[in-house]
Amino acid sequence: MFGTNVFFVPKGAKNPQAAINFALYGNQDKVLADNINIWRSISIWKEKSDAIEWENDPVYDTVLKVAASSDSGHPALTSVASEMGDELTSIRDGVIYDHDDPAQLLQKAQDKLQETLEKK
């Protein structure tokens, strides 16, 4: 999993320039801002864009703080990291889309993972 949007030109593509043009289109400020606005993702550009609508949003502010943390990073590629990643993705989606309480979701995930650990 990349956890990001990836553009590439497949080997043997009949029209590689069209794939390159699409990647260039997808990397335009307005297009990236639209993606950020929908998914609350983090921009690859260092400069802020006026097209990003999540300024002063408490959830997005938290996302930015976590991303900027020196403790943040990609987990090791292990089965437990994958399971924890799935749980965290589910929590994130519940908070963003269903307005669930993150503290309750985190506690539920911790209890579930602890139970699984104790069974092994």
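The figures here come from the full heavy-atom set of this structure, side chains too, leaving out hydrogens, waters and symmetry mates.
- Nearest heavy-atom pair, Val9 versus Ala19, reported as atom, atom and distance to 0.1 Å: CG2-CB, 3.8 Å.
- With rounding to the nearest 0.5 Å, the separation of CG in Leu32 from NZ in Lys30 is 12.5 Å.
- Looking at residues two or more places apart in sequence or on another chain, you find a ring-ring contact (aromatic ring centres under 6.0 Å, His included) between Phe22 and Phe7.
- Expressed to the nearest 0.5 Å, how far CD1 of Ile91 lies from CD of Gln110 amounts to 10.0 Å.
- Remark: Asp93 engages no residue in a side chain to side chain donor-acceptor pair (under 3.5 Å) (not counting sequence neighbours).
- Rounding to the nearest 0.5 Å places OG1 of Thr116 at 10.5 Å from CG of Asp111.
- Between the Asp98 side chain and the Asp100 main chain, no donor and acceptor come within less than 3.5 Å of each other.
- Counting only distance, with no hydrogens or angles, the side chain of Ser90 and the backbone of Asp86 share no donor-acceptor pair below 3.5 Å.
- A search for side chain to side chain donor-acceptor pair (under 3.5 Å) contacts involving Lys108 returns nothing, not counting sequence neighbours.
- Each of Val31 and Leu24 belongs to its own hydrophobic cluster when Ile, Leu, Val, Met, Phe, Trp and Tyr are linked at side-chain heavy-atom distances under 4.5 angstrom.
- In this structure, Tyr97 places its OH atom where more than 12 heavy-atom neighbours from other residues, nucleotides or ligands lie under 6.0 Å away.
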Audit row: Gln17, Ile20, side chain to side chain contact (heavy atoms under 4.5 Å, CB included) steps and yes/no: CA-CA 5 Å; Gln17 187 59 51; Ile20 292 168; 3.9 Å; yes

